[in-house]
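Worksheet for the structure shown next.
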Amino acid sequence: MHLLDRLVVEACDGVVDKFIGDGVMAVFGFPLPLATAALRAFECAVDLSNFLDVWSEIRVRDGEEPLSFAIGVHYGHVIGGVISGEHHSEYTVIGDSVNLAARLQAMYKLTEARIVISDELACKLPRHWRTPEWQTLRAATVPGRSEAVDVHLLPIHASRIQSCQPQDPDRNALRPVDAPRAVRPLTATVRPEPGRPHQGHKPLLLVENRTIR
């Protein structure tokens, strides 16, 4: 599951920040800027949802339990840098936006949604991002937060949707209509220097896979 998460995130120009149990946290456009960071984070959420949906269908056909997952995406200010330890150092991002992204992911318990995105992210997307399957909740209650937020969600039982970007005809000419987009490999790895924190407004994506056996 972690390999699939990493492949999809990196194919959408994101960076896996960390794995949290059966979940993953990713950041886009950080530490190196990316003009399309918000769109790529949204694309990643849709593509990953489609991949997991197809995998779930295969599991059911094989007599196994379906996959259960939830994805939360937020656009906001973060601070990132290398956290040094005695035996291990790692690059990570921190800030209230990280917490809100996690809270959006946890909203599946209240909304029965497979993807929940913040209005801050939606405002950064092209106008054509929204398809009829999406629902909007104004002043929604977010678990663990006192402030209400506006969110957009894709219900669990919504039909599979396509991402905003046009498909690559060479890589997807033979792709079934209900199959997810082809994945391209990551070609570069960023290694920020310790002691030099970065900050800025960036998209964050959190995924939790609740049935993986």
Side-chain angles (χ1 to χ4, degrees), residues 1-9 11-12 14 16 19-26 28 38-75 99-122 125 128-145 148-165 175-181 183 203-213:
M1 178 68 76
H2 285 173
L3 176 60
L4 173 61
D5 291 340
R6 183 181 293 276
L7 285 173
V8 177
V9 168
C12 291
V16 172
F19 293 105
I20 310 168
D22 294 329
V24 61
M25 172 178 160
F28 296 77
L39 177 59
R40 298 304 279 153
F42 176 79
E43 292 259 315
C44 182
V46 172
D47 287 353
L48 188 54
S49 174
N50 287 342
F51 269 106
L52 294 175
D53 200 27
V54 170
W55 187 6
S56 182
E57 292 175 357
I58 294 173
R59 286 173 57 91
V60 171
R61 288 200 298 266
D62 291 343
E64 300 180 8
E65 292 185 20
L67 286 176
S68 178
F69 61 89
I71 303 172
V73 194
H74 175 55
Y75 182 95
N99 179 61
L100 180 53
R103 300 299 184 182
L104 293 179
Q105 183 275 324
M107 285 187 69
Y108 74 88
K109 299 175 182 178
L110 303 175
T111 61
E112 295 190 351
R114 67 173 70 182
I115 304 175
V116 180
I117 70 173
S118 67
D119 198 53
E120 288 83 354
L121 180 82
L125 299 177
H128 63 278
W129 76 269
R130 189 182 182 89
T131 57
E133 294 84 0
W134 288 90
Q135 300 176 5
T136 298
L137 294 180
R138 299 297 180 188
T141 299
V142 179
R145 292 180 70 92
V149 297
D150 295 341
V151 299
H152 309 270
L153 57 90
L154 184 68
I156 291 176
H157 301 295
S159 57
R160 197 169 298 145
I161 64 173
Q162 296 296 323
S163 50
C164 295
Q165 295 280 30
R175 183 176 60 86
V177 174
D178 63 345
R181 183 171 65 171
V183 171
L204 294 147
L205 177 146
L206 280 94
V207 184
E208 180 187 6
N209 307 301
R210 300 188 297 278
T211 306
I212 61 171
R213 290 173 174 71

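Quick note: numbers below take in every heavy atom, side chains included, and nothing from hydrogens, waters or symmetry partners. As the structure is a prediction and not an experimental result, all values here were calculated from the model.
Applying the side-chain contact (heavy atoms from CB on, under 4.5 Å) criterion to Thr111, with sequence neighbours excluded, gives Met107, Ala113, Val116, Leu137, Leu153. In this structure Thr136 satisfies the side-chain contact (heavy atoms from CB on, under 4.5 Å) test together with Arg130, Arg138, His152, sequence neighbours excluded. The side-chain contact (heavy atoms from CB on, under 4.5 Å) check on Glu112 picks up Ile156, with sequence neighbours excluded.
Asp119 places no side-chain N or O within 3.5 Å of a backbone atom of Val151 that could act as its donor or acceptor partner. In this structure, Arg40 contributes its side chain and Ala11 its backbone to a donor-acceptor pair below 3.5 Å.
With rounding to the nearest 0.5 Å, the separation of CG in Leu125 from OH in Tyr75 is 10.5 Å. Atoms CG and NE2, from Leu104 and His74 in turn, are 7.0 Å apart once rounded to the nearest 0.5 Å. Rounded to the nearest 0.5 angstrom, Phe69 CZ and Arg114 CZ are separated by 5.0 Å. Atoms CD and CG, on Glu120 and Leu100 in that order, are 7.0 Å from each other to the nearest 0.5 Å. Atoms OG1 and CG, on Thr141 and Leu110 in that order, are 7.5 Å from each other to the nearest 0.5 Å. Leu154 CG to Ser49 OG: the interatomic distance, rounded to the nearest 0.5 Å, is 6.0 Å.
Trp134 and Phe42 have tilted rings, their planes meeting at an angle from 30° to 60° on a 0 to 90° scale.
Looking at Val8, Val73, Ile71 one by one, the single match for side chain to side chain contact (heavy atoms under 4.5 Å, CB included) with Cys44 turns out to be Val8.
In this structure, Arg61 and Ile58 have side chains that are in contact, with non-hydrogen atoms separated by less than 4.5 Å. Using a 4.5 Å heavy-atom threshold, the side chains of Arg6 and Val24 count as separate. Side chains of Trp129 and Ile117 form a contact here, defined as non-hydrogen atoms less than 4.5 Å apart.
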